[in-house]
Amino acid sequence: MSSSTGRSSSKNSKWKNVVARLRRGIKVRNGGGHKQNNRIDSPPPTIEEIRAWSDSFERLMKCPSGRAAFREFLKCEYSEENILFWLACEELKVENNPAVIEEKARLIYEDYISILSPKEVSLDSRVREIINRNMVDPTPHTFDEAQTQIYTLMHRDSYPRFINSAIYKRLAQLNNNGSSGSSRKESAT
């Protein structure tokens, strides 16, 4: 047996484990260094909901299970920091306490913007300058430009690969040609 066959078997097993966890609902680790272990409160998504994620990136990102699946995919691509940064920015936007805003903004900066961070996101110099100016007096919208840039990067770059990935096809129970892998029972709601 070649080493590539062993790796392929290991990778298939890994995907099966990821798919099983996502179907059950996984613990979500929030960005910004926060260790909030929140279980996805909603029931696991239906096959139809999972398949709808391929309709638009917005639909995927609005669904907690969709974000969790996409995050698992990004881990495999070594770009999980993008969704963690986006989630941290979303959390910051709903904060009202100025002291907490300042602390969260500082943590986001240290975790994702600082060139010393191992989780640094890829931003252009114009956006970095805006962030540096905004950090003088942080608000819930300090990272809006950066968040938009990372969202666009994920949408254009990672999302198409996710939709064509083994993890998505297994979640959606699709064959490689995009058709249903087995006959499915339709449920009336």
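A quick note: this is a predicted structure, and the numbers were derived from the prediction, not measured.
Here the straight-line distance linking atom CZ of Phe70 with atom CD of Glu80 works out to 11.5 Å at 0.5 Å rounding. Within the model, atoms NE2 of His155 and CD1 of Ile150 stand 14.5 Å from one another, a figure rounded to the nearest 0.5 Å. To the nearest 0.5 Å, atom CG of residue Leu92 and atom CD of residue Gln147 are 9.0 Å apart. Distance check, rounded to the nearest 0.5 Å: CG of Asp137 to OG1 of Thr142 gives 8.0 Å. With values rounded to the nearest 0.5 angstrom, Glu91 atom CD is found 7.5 Å from Ile108 atom CD1. To the nearest 0.5 Å, the span separating CG on Leu74 from CZ on Arg161 amounts to 8.5 Å.
Partners of Arg156 under the side chain to side chain contact (heavy atoms under 4.5 Å, CB included) rule, at least two apart in sequence or in another chain, are Thr152. Partners of Arg106 according to the side chain to side chain contact (heavy atoms under 4.5 Å, CB included) rule, which considers only residues two or more places apart in sequence or in another chain, are Glu103, Glu110.
For the residue pair Tyr112 and Ser117, the shortest heavy atom distance occurs at N-OG, 4.2 Å. Closest heavy-atom contact between Cys89 and Phe143: SG-CB, 3.6 Å. The heavy-atom pair separating Leu171 from Ala69 by the smallest distance is CD1-CB, 3.7 Å. Nearest heavy atoms, Arg128 versus Leu123: NE-O, 3.7 Å.
One N or O on the side chain of Tyr168 and one on the backbone of Ile50 form a donor-acceptor pair closer than 3.5 Å. A distance-only check finds a donor-acceptor pair linking the side chain of Tyr159 to the backbone of Ser54 [under 3.5 Å].
A salt bridge is absent between Arg51 and Glu48; no separation between the charged side-chain nitrogens and carboxylate oxygens falls under 4.0 Å. A salt bridge does not link Lys75 to Glu81: none of the charged side-chain nitrogens sits closer than 4.0 Å to a carboxylate oxygen.
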List, one per line, each side-chain donor-acceptor pair under 3.5 Å for residues 55-64, sequence neighbours excluded.
residue : atom : partner : partner atom : Å
Asp55   : OD2  : Arg59   : NH1          : 3.0
Ser56   : OG   : Arg59   : N            : 3.0

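With a 6.0 Å radius and a threshold of 12 heavy atoms from other residues, nucleotides or ligands, Glu102 has its CD atom at or below the threshold.
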Show the numbers, then the answer: is there a side-chain contact (heavy atoms from CB on, under 4.5 Å) between Glu145 and Ile131?
CA-CA 8 Å; Glu145 290 273 342; Ile131 291 170; over 6 Å; no
Quick one: do Leu153 and Ser158 satisfy side-chain contact (heavy atoms from CB on, under 4.5 Å)? Show the steps, please.
CA-CA 7 Å; Leu153 174 70; Ser158 303; 5.9 Å; no
Check the pair Thr139, Asn134 against side-chain contact (heavy atoms from CB on, under 4.5 Å), reporting the backbone distance first and the verdict last.
CA-CA 8 Å; Thr139 72; Asn134 290 346; over 6 Å; no
Candidate pair Glu120 and Ile113, rule side-chain contact (heavy atoms from CB on, under 4.5 Å), full reasoning:
CA-CA 5 Å; Glu120 178 188 7; Ile113 308 302; over 6 Å; no
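Side-chain contact between Asn82 and Trp86 is absent, with no heavy atoms from C-beta onward closer than 4.5 Å. Taking 4.5 Å as the limit, some side-chain heavy atom of Glu95 sits within range of a side-chain heavy atom of Asn97.
Side-chain contact of Asn132 with Tyr109: a donor-acceptor pair under 3.5 Å is present, judged by distance alone.
Residues Ile130 and Ile101 fall into different hydrophobic clusters, defined by Ile, Leu, Val, Met, Phe, Trp and Tyr side chains chained together at heavy-atom separations under 4.5 Å.
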